[in-house]
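What follows is a single structure, written as structure tokens, with notes after it.
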Amino acid sequence: MRSGALPSEACRLSAAQKGIWFAQQLAGELPITIAQYVEIFGELDIDLLEATSRVAAREFGSGFLRLVDHDGELYQLVDDSSDSGIPRIDFRAEDDPSVAAQQWMRSEFSTPIDLLHDALAVSAILRVGDRHYYWYSRVHHIALDGYGAMTLMQRIAELYSAAAAGVEAPPLRVLDLAQIVEIDAAYRNSDRFEADRRYWAERTSGLPEPASLAGRSAPVEAHPRVASAALSHDVASMLDSAATKHNSSAATVLVAALAGFLCRMTGRSDIVLSLPVSARTTAPLRRSGGMLANVVPLQLEVGADVTIGALIHSAKLELTGALRRQRYRREDICRDLGRDISRNRSFGPTLNIMPADREIRLGPHLGRLHVLTSGLVDDLFVNIYPSVGGTTTHIDFQANPSLYDDDILKCHHDRLLSFLDRFLSADAGSRVGDLDLLGPDERRNLLDRTGGPEHPATTLPQLLTTAAAHNRTAPAVTYEDHHLSYEQLDTASSQLARILIAEGIGTEDTVAIALPRSLEAILAIWATTKTGAAFLPIDPNYPKDRITHMLSDSRAALGVTTTEHATTLPEPLPWLLIDTPDLETRCTTMDSGPITDTDRLRPLHTTNTAYLLYTSGSTGTPKGVVVTHQGLANLAAEQHERFTITPDSRTLAVASPSFDASVFELLLAAGSGATMVIAPPTVFGGDELTQLLHTNHVTHAVITPAALATIDPTHLHTLHTVLSAGEACTPDLPTRWATPPTPPPPTHPAASSTATAPPKQP
């Protein structure tokens, strides 16, 4: 910290610069920089380019910006005392000069920057051929934003071209940095600032969490993966036509199309995009340097029933409102929302409308601008390069490499371009939800496939009784110190099924089973399906209003639970308490023999409903999904063959009763006559689940990536098949679990292994 005299020309930082300073502290060693290069073919006068670069850097000030910490306050000033010229690096001796130059630039813009001591702006001339150059520039965002960097580069080119032609360059009237800070301060103390604050407070009330094609988050990265392509001439023509037809711009149509695409891909109707803006609302600001850029949210209600015309109109209104109020800082919006800006770097996928003119003329030579990085990437940047000079609009995806690999990113990019084609060719009255996401090739690759041989359709009770008949003394279910053999489970469930039938339950009725993971839950499922009714598994710990909705929407005829949960469950549905002495007595009086259509109130067919499940409701009201019996035999056979399950296998039941994975776990065991090991309701992962897997000699398990990451596989010698689903896996997880566990210590030759032995029956 410096406490000496402060240079008179020093001024404070703008609000935008303070935001970048704070963001850089959070980013650590990852520098928040803008890096780009101009590719030039021809004889370049490097001395002249260096001289004109120096002149323009002084005009703008940002090229020689230095930060000063004075008594705990940050200041900025223009200081060209350390100007050492532009480095010139010749890569022509390299095996591949262009690749070597790209690697050099990547390394340079990735190098950590000390904002108080290192140069904030750097340029270099990289020679990759006899008449082939890369004019590289990198600047920290605290000194210059992307708009300013492009304007500075254009000014250097203007000075170079004028000097090369031997004419005087036109004067440039720019604002100095102190004036930019004063303008910013005046805005923040104005009525306009308060009006903008009210606008954004209203627009962002209830702003949802960001939608993502990856479905998860990861730390920010400085080196994005890139997928890029230009629109075909036909699609580009349709884009122009759509803009004209809707009295809009191409950018507005692309905003609407991207929102529609994200809606279809994520199932979200509340799509929010992050929109980078220049925040340069006057001509003097637009021709000056400094850091003013901002990011604002664009919130669009899409939904499957929204028409294309309505969506484009909505995007037009949102863009107009956002651009009119683009000076209100992202940091202020997050503060007003009560969001932790360190955890919420963006409002959603970023749509970046790039400058229209990427051609840089240096005298007789026409160079092409290439953007290397615009800053750190948290999820996905969609960069739109408008058509210019006979080229068509170009769309780039820049993505966080921790969230997207090259193949997935290209797949998303190709799918967006195909979706855009259908979006533009459809009528304005067409619904977004009716647009096909899959192209012909993708549909053929994804859908025109067949699995193994088809198995005859079988009802769920037939599958269960077949498993019981295979080895009736084999263990079917184990829970803590309690066990049921297949014979015990089969006979007890038949007795309970007859009680349910006596209560009027039959085929196409629905029975709600409000039980946590337990022996009772499995017994209730077996009994319900034997009656021909569909079972609706409900986690009794769900909120009461959610359970009420599920019971009402499913029209459940009866509920099964225990006395522990009966008092918290909604009425007036009648609840059968299966742990009461009265019911136990009734069960003992019932016939324990097989249940057939003769016993059922109505015949059971494979086309009848086997069970109902409800979605999580994360995108709105939970929705019921009806599943018939028809495909269950194929699923059980596929599990048996693909995962090599035998009657000696011991499978884990750890899924929430309300999730479809619980049915997968049910068939995983019963489909092969294996033993189901039930995890207590309080066990989800960590040491407890690790210990349960170990002590119960589990061989097969389906575990979410989040839970799997908490388990140590080192000593799980019997666990040879692990399925992970429900969310994306981090790259390290499959690698860690693919490593064979540490072998157990050798035992005495006479000792027998119990790794796959079934538990003893009580």
Side-chain angles (χ1 to χ4, degrees), residues 458-479 482-538 540 556-566 569 573-605 608-612 629 657 666 669-670 673 676 678 761-762:
T458 305
T459 65
L460 181 56
Q462 286 175 309
L463 287 172
L464 299 180
T465 53
T466 299
H470 181 73
N471 184 353
R472 296 185 65 78
T473 62
V477 189
T478 177
Y479 176 77
H482 306 285
H483 315 283
L484 285 176
S485 68
Y486 272 101
E487 181 178 23
Q488 291 170 321
L489 183 56
D490 188 33
T491 56
S493 61
S494 290
Q495 290 173 321
L496 180 57
R498 285 186 163 87
I499 290 178
L500 294 175
I501 293 171
E503 296 289 333
I505 299 301
T507 302
E508 288 302 323
D509 288 326
T510 299
V511 175
I513 300 176
L515 292 167
R517 292 192 300 264
S518 59
L519 294 179
E520 291 82 2
I522 299 301
L523 175 62
I525 289 173
W526 276 53
T528 298
T529 196
K530 284 184 177 183
T531 70
F535 64 89
L536 168 62
I538 295 176
L558 181 69
V560 177
T561 189
T562 59
T563 53
E564 176 186 355
H565 301 290
L569 293 170
L573 184 74
W575 290 96
L576 191 68
L577 308 182
I578 64 172
D579 62 340
T580 61
D582 287 347
L583 187 67
E584 291 176 1
T585 300
R586 285 184 65 189
C587 280
T588 59
T589 64
M590 293 291 174
D591 182 2
S592 62
I595 302 286
T596 67
D597 276 350
T598 303
D599 305 287
R600 297 184 183 106
L601 299 180
R602 293 175 290 277
L604 175 62
H605 304 287
N608 291 127
T609 303
Y611 58 92
L612 281 80
H629 296 263
L666 174 70
M676 175 188 285
I678 302 175
Q761 296 301 305

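We're numbering straight along the sequence, starting at 1. Heavy-atom basis, side chains included; hydrogens, waters and symmetry copies ignored.
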task = Measure from the side-chain N and O atoms of His629 to the backbone N and O of Leu460, and report whether any donor-acceptor pair falls under 3.5 Å.
result = yes
ask   = With a 4.0 Å cut-off, would you call Asp599 and Lys530 a salt bridge?
value = no
query = Do any N or O atoms from the side chain of Thr466 and from the backbone of Gln462 form a donor-acceptor pair under 3.5 angstrom?
reply = yes
key: Pair Thr507, Asn608: side-chain N/O donor-acceptor within cut-off below 3.5 Å   = no
query = Do His483 and Thr478 get their side chains close enough for a donor-acceptor pair, meaning under 3.5 Å?
reply = yes
query = When you measure from the side chain of Thr458 to the backbone N and O of Leu463, does any donor-acceptor pair fall under 3.5 Å?
reply = no
key: Atom pair CG (Leu583) and CG (Leu576), whose distance is rounded to the nearest 0.5 Å   = 5.0 Å
query = Do Arg600 and Glu508 sit within salt-bridge range, that is, some charged N less than 4.0 Å from a carboxylate O?
reply = no
message = With salt bridge (Lys or Arg N to Asp or Glu O under 4.0 Å) as the criterion, how do Arg602 and Asp509 come out once you've worked through the C-alpha distance, each side chain's angles and the decisive distance to 0.1 Å?
response = CA-CA 10 Å; Arg602 293 175 290 277; Asp509 288 326; 2.9 Å; yes
ask   = Is the side chain of Thr609 donor-acceptor paired with the backbone N or O of Tyr611 at a distance under 3.5 Å, no angle test?
value = no
ask   = Does Thr563 offer a backbone N or O that forms a donor-acceptor pair with the side chain of Asp579 under 3.5 Å?
value = yes
query = Would Val560 and Glu520 satisfy side chain to side chain contact (heavy atoms under 4.5 Å, CB included), going step by step from the backbone distance to the final call?
reply = CA-CA 10 Å; Val560 177; Glu520 291 82 2; over 6 Å; no
ask   = Roughly how far, to the nearest 0.5 Å, is CZ of Arg498 from SG of Cys587?
value = 11.5 Å
ask   = Roughly how far, to the nearest 0.5 Å, is the CZ atom of Arg517 from the OH atom of Tyr479?
value = 8.5 Å
message = Show the nearest heavy-atom pair for residues Ala670 and Ala467, with the distance to one decimal.
response = O-CB, 2.9 Å
message = Test side chain to side chain contact (heavy atoms under 4.5 Å, CB included) on Glu564 and Leu515; report intermediate values, then the result.
response = CA-CA 10 Å; Glu564 176 186 355; Leu515 292 167; over 6 Å; no
ask   = Can you find a heavy atom in the side chain of Val477 that is under 4.5 Å from one in the side chain of Leu489?
value = yes
Donor-acceptor contact present, side-chain Gln495 to main-chain Ser592, <3.5 Å = no
ask   = About how many Å separate CD1 of Ile522 and CD1 of Ile513, when rounded to the nearest 0.5 Å?
value = 9.0 Å
key: Short side-chain to backbone donor-acceptor contact, Thr588 and Thr585, under 3.5 Å   = yes
query = Could you give the distance from CG (Leu569) to OG1 (Thr561), rounded to the nearest 0.5 Å?
reply = 5.0 Å
note = Rounding to 0.5 Å, atoms CG (Leu464) and OH (Tyr486) come to a distance of 8.5 Å
